[in-house]
Amino acid sequence: MKVAIYSTHLFEKQYLIEANQHKHEFILLQESLNGKTSTLANGCDAVSLFVNDDASGPVLDLLYEQGVKFIALRSAGFNHVDLPHALKLGMHVANVPGYSPYAVAEHTVAMMLALNRKLISAHNRIMELNFSLDGLVGFDMNGKTIGIMGTGKIGCVVSKVLNGFGCRILAYDIQKNPEIIDTVEYVDVNTLCRESDIITLHVPLIKETMHIINKETIEIMRPGVMLINTSRGGLVNTKDVIDGLKSKHIGGFGMDVYEEEANLFFQDHSEDVLQDDIIARLLSFRNVLITGHQAFLTREALQNIASSTITNLDAWAGNKISIYELK
Ligand code: NAD
């Protein structure tokens with residue numbers, strides 16, 4: 001199968017090549033997929049896409065015209081794909097679900113701890129030989145209430161890790177996860193917002209969850225609440241979070257994903273003038289920690305993403321339905 005791999009990053013290249021074992025013909029492209037770059041897939045049976053590639057209806061039409069029939073996502077989330085449109089065109093789409101819930105869950109908890117214990121400020125101080133502890137007071141995680149929105153694969157691991165810290169866990173989900181039913185309390189979204197010291201997001205970005213964190217939900221949260229988003233940027237109305245940070249109602253914000261990340265994340269902009277005023281404002285808060293969509297970035301996750309991508313391509317090359325196929 002001839003495959004155009006869009007948005008190929010240095011960090012994943014070797015894993016993809018090793019997992020492929022020369023079975024499929026790869027065209028490794030640094031470009032992300034959009035209307036203009038869709039021609040780079042000319043003559044390919046399949047494309048492989050990453051989180052910020054544009055697989056909207058018009059772009060899918062362009063791919064289809066060039067003979068592309070298969071879309072292998074190198075991500076669990078598929079909010080960037082117009083799935084109904086792809087299926088209407090007869091295209092097959094598969095993701096890589098659950099490649100490592102531990103990677104994302106552990107990064108989530110790392111963000112909580114780094115914000116709570118002010119690790120970045122502490123390190124920066126010591127780099128300047130300032131060993132004062134004033135202003136670095138955190139809180140015990142033990143006994144605190146953590147609200148987990150979305151208790152699928154990642155939220156479930158987050159709850160288990162935080163159980164180990166002695167936290168009380170509140171959970172909100174449309175489906176209760178039997179694996180953790182005895183160790184979390186399922187509540188509605190408002191109760192979770194009202195009672196949690198830390199709120200962490202692990203629902204997918206869909207119509208129903210878009211801006212689930214907004215002015216109204218923030219208003220009912222505890223003063224000083226910490227928010228963590230390692231799921232998808234669109235779950236949060238970032239401007240409302242900035243207002244919450246300005247009024248000090250929000251005491252900390254950990255953000256691995258951002259609504260407008262597509263033209264910013266995964267690229268070196270160190271020589272550019274920052275054009276994004278929202279990111280610029282977020283960078284001005286000491287209690288905001290930003291990572292650039294790296295929660296998944298562990299060796300194990302990269303191996304699993306690569307091997308599941310090859311599993312999808314192998315199935316299609318053998319005229320089979322892939323186990324990870326989206327419907
Ligand atoms: P999952 O499908 O296992 O879990 C999602 C959970 O959300 C499910 O339990 C589901 O019932 C629940 N849910 C769905 N719609 C809901 C709604 N309207 N209200 C409440 N709950 C709802 O997914 P997962 O593997 O745990 O991943 C969760 C998300 O994490 C993905 O959708 C993806 O966006 C994100 N993610 C981020 C990274 C990263 O590097 N930052 C990596 C992988 C995944």
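The first residue of the sequence shown is numbered 1, and numbering continues consecutively from there. Here the structure is a predicted model, which is why all the values come from computation and not from measurement. Note that ligands are numbered from 1 as they come in the structure, with each ligand's atoms numbered from 1 the same way.
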task = Have a look at T230, N177, I174 and point out the one with the heavy atom closest to atom 15 (N) of ligand 1.
result = I174
Option whose closest heavy atom lies nearest to atom 4 (O) of ligand 1, chosen from C156, A295, P101, G152 = G152
ask   = Which other residues belong to the hydrophobic cluster containing L10, where Ile, Leu, Val, Met, Phe, Trp and Tyr are joined when side-chain heavy atoms lie under 4.5 Å apart, directly or via other members?
value = none
key: Min heavy-atom dist G98 to ligand 1 below 4.0 Å   = no
query = Short list, please: which atoms of ligand 1 are under 4.0 Å from a heavy atom of I206?
reply = 15 (N)
note = So salt bridge (charged side-chain N to carboxylate O under 4.0 Å, His left out) across residues 27-55, not counting sequence neighbours, yields none
key: Per atom 32 (O) of ligand 1, closest listed option by heavy atom (S75, G292, P204)   = P204
message = When you measure from the heavy atoms of L205 to every atom of ligand 1, does any distance fall below 4.0 Å?
response = no
task = Provide the number and element of each atom of ligand 1 under 4.0 Å from a heavy atom of F296.
result = 40 (O)
inquiry  = As an exercise, identify every atom of ligand 1 less than 4.0 angstrom from a heavy atom of V104.
reply    = 38 (C), 42 (C), 43 (C)
task = Would you mind running through ligand 1 and noting each atom that sits below 4.0 Å from a heavy atom of H293?
result = 39 (C), 40 (O), 41 (N)
ask   = F11, Y6: one ILVMFWY side-chain cluster at the under-4.5 Å cut-off?
value = no
ask   = Is ligand 1 under 4.0 Å from a heavy atom in the side chain of D173, in the backbone, in both, or in neither?
value = both
request  = Taking the six-membered ring for Trp and the full ring for Phe, Tyr or His, determine whether the centres of F50 and F296 are under 6.0 Å apart.
outcome  = yes
request  = Run down the list Q294, R232, K153 and name the one with the heavy atom closest to atom 34 (O) of ligand 1.
outcome  = R232
